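Below: the structure, in structure tokens.
These values consider heavy atoms only, across backbone and side chains, with no hydrogens, waters or symmetry-generated copies. Proteins get letters first, then strands, A, B, ... in listed order; numbering begins at 1 in each. Worth saying up front: this structure is predicted, and the values here are computed from it rather than measured.
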Protein chains: 2
Amino acid sequence: MARSPVDSRRPLTLRDVSEASGVSEMTVSRVLRNRGDVSDSTREKVLEAARMLGYVPNKIAGALASQRVNLVGVVIPSLSNLVFPEVLGGISAELDDTGLQPVVGVTAYLPEKEETVLYEMLSWRPSGMIVAGLEHSETARAMLRNSGVPVVEIMDTDGEGVDSVVGISHRRAGRQMAAAIVAAGYRRIGFLGTKMPLDHRARKRLEGFQEGLAEAGLQLADTEFYSGGSALKKGREMTQAILTRTPDLDFLYYSNDMIGAGGLLWCLENGYDVPGQLGLAGFNGVDLLEGLPRRLATMDSCRREIGAKAAQIIAGRPHSGVIGGEVIELTPVIQPGDTIRRV
Amino acid sequence: MARSPVDSRRPLTLRDVSEASGVSEMTVSRVLRNRGDVSDSTREKVLEAARMLGYVPNKIAGALASQRVNLVGVVIPSLSNLVFPEVLGGISAELDDTGLQPVVGVTAYLPEKEETVLYEMLSWRPSGMIVAGLEHSETARAMLRNSGVPVVEIMDTDGEGVDSVVGISHRRAGRQMAAAIVAAGYRRIGFLGTKMPLDHRARKRLEGFQEGLAEAGLQLADTEFYSGGSALKKGREMTQAILTRTPDLDFLYYSNDMIGAGGLLWCLENGYDVPGQLGLAGFNGVDLLEGLPRRLATMDSCRREIGAKAAQIIAGRPHSGVIGGEVIELTPVIQPGDTIRRV
DNA sequence: TTGAAAGCGCTAACAG
DNA sequence: CTGTTAGCGCTTTCAA
């Protein structure tokens, strides 16, 4: 806190602590890192001096010398979609006691942006990289592969990872939901989702959903896409649009809970019998759903757990021994709620 | 990508590029940073070699040598409250073209955790620190003050900052809302909010609200607090609880939009005449509100803008010349929506 | 248990 | 326009 000798604006170094305590730099370093054996008396002296001066070690120098960096790169497409902050929360919580720190990069779903962010992060030689999705440019994949740091690709297991993978199969999730809907007797099914062609997980869910329908000899009766804006409001608008265009739909599958919730509110206000006349389902299992007038059917996307497991993998690989990829596929469970007919 | 000579697992260095291109390390460095004048022919040679080898510079070494770190520490209390990811989004977007990268630390509203996170971040000698709130332990404040890096405290302007401050006055926001409510003729007013005593901004809003009521000779008729869980659901439960206990309330002021939205849904379902019989208001201006059956009165908390302005301050101070604190107070505006009687 | 020497990989500063 | 020389502030390694 207090600057002992002169309050010059030069940042304090180990040497300052060394001089103030009369102990060699090396020993000061050992004390500050709890490394090796140091006598209690010298330890005291050093800690006292460091505290008096308000010394904060320089990790840049430490990292260079030790070739060890306590940073973990986290690359996600967006922060405005609640899902990613939640994953990040899982990562952050799990990393909490490991001395590792997350560094966040946002790609806005753009492959070129992803390359830039990865390059930037890898140049810090982090202890690990956690990257959303399996779809990357060849350049990006090569950077990750050659980086020598453990890489965990998260959220999705439908495809090949560079190293470790933690996620769910969105394709299977889509199929499962289709099966549940068909089993409940619905036949005229519509899909509502984002227009974003680079959201591969949403795309895979839709594809899986269509496969599931096909198995039952069905196909989508109508679709509606949107981009941008308040998801809840968009859900309302899209629902109205699709039901106006195709009034005989008996089920609406939404690519996320937010638009699904908007749709649910709209249907209830407009006198639809849910789930008798019209069934609804979303995706993600956001806890907002608990407060709606009726519980929207959904599927938990396990996002905090995905973050936590990814962080564990990074934290558990001390020196990036090239142990090679774990693949952890979590299994999301359908939460039928109140918007699918019980059979 | 391809490892030219031998595919040893040693990370590539500038020297490797230098040797591969036949150009001195220094010139390679210049090319890779677009610094100084380099002839087109050597530039080509260098870039070619770097690309062939798949070289990624080591910023640790670069930062140590240049005393410049392109990291910005961002310290926030939580990631599960949508507000903070939004601020972070504003920061991240603004930093995007500056070459600066945000590093996120989460404090869980705990002062001790904040100290740890700050210490950890400052040890990276970042280009700036963006910290939520004005309330910090003396130790934390001292670390920030002595760090020599520009500090921006965000979200709140009610108090003294260490350096720069960007935010809104929550106290004033509370007073304003009180004034609007009183002006609309409501008299029996209840408050619903989080129990969290360390959420200083929520506390200041409440205090300001009470001051505003007091000016009109009123005081809170009842209060209800919660912690944890789905905010939407909690909003329902709390609303039911407070209205059961104090049925003659004619206004409910919620400390955030999420619980307010839950309350709104509950009131509508239970046949309350909103805003005739009962008025409602929240805080934050989340865009979820656009999709509700009725538009909840609220107040924009300017969070993306706060993030953006904070990032600008950091990005605009090249070498942390101790120019001293800017204070930017944004003025949130009441959005009366449909849940306050028009006068 | 402590200290001295030698870098970590890069860039500032200067010289050509 | 290009190269050389010294470090940046730590930690590793070895010696005392």
Assess the side chains of His136(A) and Glu153(A): does a donor N or O sit below 3.5 Å from an acceptor N or O?
yes
With the threshold set at 4.0 Å, does a side-chain nitrogen-carboxylate oxygen contact exist between Glu86(B) and Arg303(B)?
yes
Within this structure, what is the CD-CD1 distance for the pair Glu114(B) and Ile76(B), rounded to the nearest 0.5 Å?
12.0 Å
One thing to verify: whether Glu135(A) and Arg141(A) come together as a salt bridge, which I'm taking to mean a side-chain N less than 4.0 angstrom from a carboxylate O.
no
Supply the atom-to-atom distance Leu32(B) CG to Arg43(B) CZ, rounded to the nearest 0.5 angstrom.
10.0 Å
With rounding to the nearest 0.5 angstrom, report the CZ to OG1 distance, Arg201(A) to Thr157(A).
11.5 Å
Between Ser127(A) and Val69(A) (side chain of the first, backbone of the second, donor and acceptor by atom type, cut-off under 3.5 Å), is there such a pair?
yes
First contact, last contact: which nucleotides of DNA chain D are these for chain B, 5' to 3', heavy-atom distance under 4.0 Å?
dC1(D) to dG9(D)
Go through the structure and list residues passing side-chain hydrogen bond (donor to acceptor under 3.5 Å, both in side chains) with Glu48(B), not counting sequence neighbours.
Arg51(B)
Distance test, side-chain N/O of Thr42(A) to OP1/OP2 of dT2(C), below 4.0 Å:
yes
Between Arg30(A) and Asp37(A) (salt bridge meaning N to carboxylate O under 4.0 Å), is one present in this structure?
no
Within residues 16-24 of chain A, the residues having a heavy atom closer than 4.0 Å to DNA chain C are Val23(A), Ser24(A)
Residue that, paired with Met129(A), satisfies side-chain contact (heavy atoms from CB on, under 4.5 Å) out of Leu71(A), Leu122(A), Val72(A):
Leu122(A)
Inter-end axis angle, the helix from dT1(C)-dA16(D) to dG16(C)-dC1(D), with every axis fitted to five base pairs (rounded, 10 degrees):
30°
Could you pull out every donor-acceptor pair under 3.5 Å between side chains of residues 90-98 of chain A and any protein atom, sequence neighbours left out?
{"from": "Glu94(A)", "atom 1": "OE2", "to": "Gln312(A)", "atom 2": "NE2", "distance (Å)": "3.2"}
{"from": "Asp96(A)", "atom 1": "OD1", "to": "Lys113(B)", "atom 2": "NZ", "distance (Å)": "2.7"}
{"from": "Asp96(A)", "atom 1": "OD2", "to": "Lys113(B)", "atom 2": "NZ", "distance (Å)": "3.3"}
{"from": "Thr98(A)", "atom 1": "OG1", "to": "Leu95(A)", "atom 2": "O", "distance (Å)": "2.6"}
{"from": "Thr98(A)", "atom 1": "OG1", "to": "Leu100(A)", "atom 2": "N", "distance (Å)": "3.1"}

Protein-to-nucleotide contact annotation, 5' to 3' order, nucleotides 8-16 of chain C [B base; S sugar-phosphate only; - none; under 4.0 Å, heavy atom]:
BBBBBB---
Kindly determine whether Glu326(A) and Ser164(A) satisfy side-chain hydrogen bond (donor to acceptor under 3.5 Å, both in side chains), including the steps that lead there.
CA-CA 5 Å; Glu326(A) 273 173 85; Ser164(A) 292; 4.9 Å; no
